[in-house]
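Here the structure comes first, spelled out in structure tokens, and everything after it is commentary.
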Amino acid sequence: MTGWAVGSPGPIGDGPLVRVRRAVPSPEPGELLLSVEACGVCRTDLHLAEGDLLPHRASTVPGHEIVGRVAAVGETVTGFQVGDRVGGAWLRGTCGHCRYCRAGRENLCPASLYTGWDADGGFADIALVPADYAYRLPEDQDAALLAPLLCAGIIGYRALRRSALPPGGRLGIYGFGASAHLAAQVALAEGATVHVLTRSARARELAVELGASSVGGAYDRPPEPLDSAILFAPVGDLVPVALEALDRSGTLAVAGIHLTDIPVLNYRRHLFEERNLRSVTSNTRQDGRDFLDTAARIGMRVTVSPYRLSRADQALRDLAADRVSGAAVLVPG
């Protein structure tokens, strides 16, 4: 197999990704060996490469939005066979018996494992995925358009639910990249009014095309008070900005796994009148199934910027510089 691994984490301009060539692994019991058709590039991959998230193991292959064909099936696997198209996502494993798993909140499992962090991911032409955490994917769609659904879509969907958006509510979205442009479509399909606030002119154009009622700069005030807001940009300075834009009892959900420091909040301006501040931690497999069903039902439009696998380092540089429209996707070849 050929691909990329995180060598020494550091600024993306210093080249923390290194090319690797390794023996093709054999699937263990319960695993699927995938021939990768496409892998989305997530901001989490950038955080791992730059060291914002500490590595869990050395020389790990990042990537957790994997679309592939089953090339081999490990013992004990049922429900999948060679040739099936499946997806591998961020959540890779949970204990199944802690209080969180038993309550249907496996995203909070203390023993949870993650693709591209605890095990090699999809920045390669071959990947291993646990069958119990794999998603069956449609055969008739472009693999590059499916890849962003597997994390950007799923985590955006969970963030939308965590934002407690009421029916027909007013939603503010801060940052408009891969996750945001998918979550916005779910909100719009459910009758919400969506206001997008982002520094990227290209992203503002996409937001208008998708049906946003207004667009503005990241620090601008939306034209009306918000019932809910989602912060996708990993910028702590925007937390008080978004909180101040909320109406009474509004909720801000912070979607990222990493966030720069949040400034001191003023209780009356930012939290009083029962405003709510929530984080978003990973997702459950049910979130994934619900989102993929929703995406199929509403005919979701996925905007991607494709890159050859050989240009994974360039994809991360472009992501860091906000030069990506929609979602960056790696395609082996």
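- Cation-pi geometry between R268 and F272 is satisfied (NZ or CZ under 6.0 Å from the ring centre, within 45° of the ring normal).
- Ion pairing between a basic and an acidic side chain is recognised when a charged N comes within 4.0 Å of a carboxylate O; D118 and R92 show no such pairing.
- Residues L252 and V239 meet the side-chain proximity criterion, which asks for heavy atoms closer than 4.5 Å.
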Legend entry - Stepwise salt bridge (Lys or Arg N to Asp or Glu O under 4.0 Å) test for R275 and E244: CA-CA 9 Å; R275 295 181 178 91; E244 197 166 355; over 6 Å; no
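- Judged by distance alone, the side chain of R21 and the main-chain N or O of T2 form no donor-acceptor pair under 3.5 Å.
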Inset, instruction - Decide side-chain contact (heavy atoms from CB on, under 4.5 Å) for L210 and F176; before the verdict, give the C-alpha distance in whole Å, the side-chain angles of both, and the deciding distance to 0.1 Å. - result: CA-CA 11 Å; L210 293 175; F176 203 71; 4.1 Å; yes
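- L226 CG to T251 OG1: the interatomic distance, rounded to the nearest 0.5 Å, is 11.5 Å.
- Within 6.0 Å of the CD atom in E75, the count of heavy atoms belonging to other residues, nucleotides or ligands does not exceed 12.
- Within 6.0 Å of CD on E274 lie no more than 12 heavy atoms contributed by other residues, nucleotides or ligands.
- A 4.5 Å side-chain heavy-atom check between T60 and D120 finds at least one atom pair inside the cut-off.
- In this structure, CD1 on I257 lies 7.0 Å from CG on L48, to the nearest 0.5 angstrom.
- The heavy-atom pair separating T44 from W90 by the smallest distance is CG2-CH2, 3.8 Å.
- With Y157 as the aromatic partner, R161 meets the cation-pi criteria of under 6.0 angstrom to the ring centre and within 45 degrees of the ring axis.
- The closest donor-acceptor contact from the side chain of E50 to the backbone of I12 lies under 3.5 Å.
- Note that OG1 of T76 and CD of E28 are 10.5 Å apart. Values are rounded to the nearest 0.5 Å.
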Inset, instruction - Check the pair D318 / Y307 against side chain to side chain donor-acceptor pair (under 3.5 Å), numbers first and verdict last. - result: CA-CA 11 Å; D318 288 347; Y307 294 78; 2.7 Å; yes
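- Side-chain atoms of F123 and D45, non-hydrogen and from C-beta on, do get closer than 4.5 Å to each other.
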Legend entry - side-chain contact (heavy atoms from CB on, under 4.5 Å) between L197 and Y219, worked out: CA-CA 7 Å; L197 302 113; Y219 292 86; over 6 Å; no
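- Here the closest heavy-atom approach between residue P332 and residue R308 is recorded as O-NH1, 3.5 Å.
- Linking Ile, Leu, Val, Met, Phe, Trp and Tyr whenever their side-chain heavy atoms come within less than 4.5 Å leaves L259 and L53 in two separate clusters.
- In this structure the side chain of L137 never reaches within 4.5 angstrom of the side chain of V86, judged on heavy atoms.
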Inset, instruction - Determine, stepwise, if the pair V70 / L33 fulfils side-chain contact (heavy atoms from CB on, under 4.5 Å). - result: CA-CA 6 Å; V70 177; L33 180 69; over 6 Å; no
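- L182 and L165 fall within a single hydrophobic cluster, where Ile, Leu, Val, Met, Phe, Trp and Tyr are joined by side-chain heavy atoms under 4.5 Å apart, directly or via other members.
- Within the model, atoms CG of D132 and OG1 of T78 stand 8.0 Å from one another, a figure rounded to the nearest 0.5 Å.
- A salt bridge links R301 to E209: at least one charged side-chain nitrogen sits closer than 4.0 Å to a carboxylate oxygen.
- The shortest heavy-atom contact between S112 and C109 is OG-O, 2.9 Å.
- Residues L91 and N283 come closest through the heavy atom pair CD2-O, 3.3 Å.
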Inset, instruction - Please test R170 against D247 for salt bridge (Lys or Arg N to Asp or Glu O under 4.0 Å), starting from the C-alpha separation and ending with a verdict. - result: CA-CA 10 Å; R170 302 158 296 178; D247 203 350; 2.9 Å; yes
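- The heavy-atom pair separating L32 from A131 by the smallest distance is CG-CB, 4.0 Å.
- Counting heavy atoms from C-beta outward, V304 and V302 have side chains that approach closer than 4.5 Å.
- Side-chain N/O atoms of S200 and D322 include no donor and acceptor closer than 3.5 Å.
- Hydrophobic clustering, with ILVMFWY side chains joined whenever heavy atoms are under 4.5 angstrom apart, keeps V41 apart from L146.
- With a 6.0 Å radius and a threshold of 12 heavy atoms from other residues, nucleotides or ligands, D293 has its CG atom above the threshold.
- You'll find the side chain of V241 stays beyond 4.5 Å of the side chain of R221, heavy atoms only.
- The residues R136 and D84 are annotated as salt-bridged, a charged nitrogen and a carboxylate oxygen being separated by less than 4.0 angstrom.
- In this structure the side chain of R204 reaches within 4.5 angstrom of the side chain of T198, judged on heavy atoms.
- Counting heavy atoms from C-beta outward, L206 and H181 have side chains that approach closer than 4.5 Å.
- Taking hydrophobic clusters as Ile, Leu, Val, Met, Phe, Trp and Tyr residues chained together by side-chain heavy-atom distances below 4.5 Å, V6 shares a cluster with L309.
- In terms of modelled atom types and a separation under 3.5 Å, the side chain of W4 and the main chain of R311 share no donor-acceptor contact.
- Taking the ring centre of Y133 as origin, the terminal cationic atom of R285 falls inside the region bounded by 6.0 Å and 45° from the ring axis.
- In this structure, OH on Y135 lies 12.5 Å from CD1 on I66, to the nearest 0.5 angstrom.
- There is a path of hydrophobic side-chain contacts, each under 4.5 Å, that joins L160 to I173.
- Enclosure of atom CZ in R69 by more than 12 non-hydrogen atoms of other residues, nucleotides or ligands within 6.0 angstrom is indicated.
- Rounding to the nearest 0.5 Å gives a distance of 13.5 Å between CZ of R105 and OG1 of T94.
- The backbone N or O of T284 sits less than 3.5 Å from a side-chain atom of D287, completing a donor-acceptor pair.
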Inset, instruction - Could you give me the CA-CA distance, side-chain angles and deciding distance for S279 and T281, then say whether side-chain contact (heavy atoms from CB on, under 4.5 Å) is met? - result: CA-CA 7 Å; S279 67; T281 300; 4.3 Å; yes
Inset, instruction - Before giving the answer on salt bridge (Lys or Arg N to Asp or Glu O under 4.0 Å), spell out for E65 and R43 the whole-Å C-alpha distance, their side-chain angles and the decisive distance to 0.1 Å. - result: CA-CA 11 Å; E65 298 175 318; R43 189 163 290 274; over 6 Å; no
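- The two residues V329 and A144 make their nearest non-hydrogen contact at CG2-O, 3.5 Å.
- Remark: the backbone N or O of G326 is not paired with any side-chain donor or acceptor of T303 at under 3.5 angstrom.
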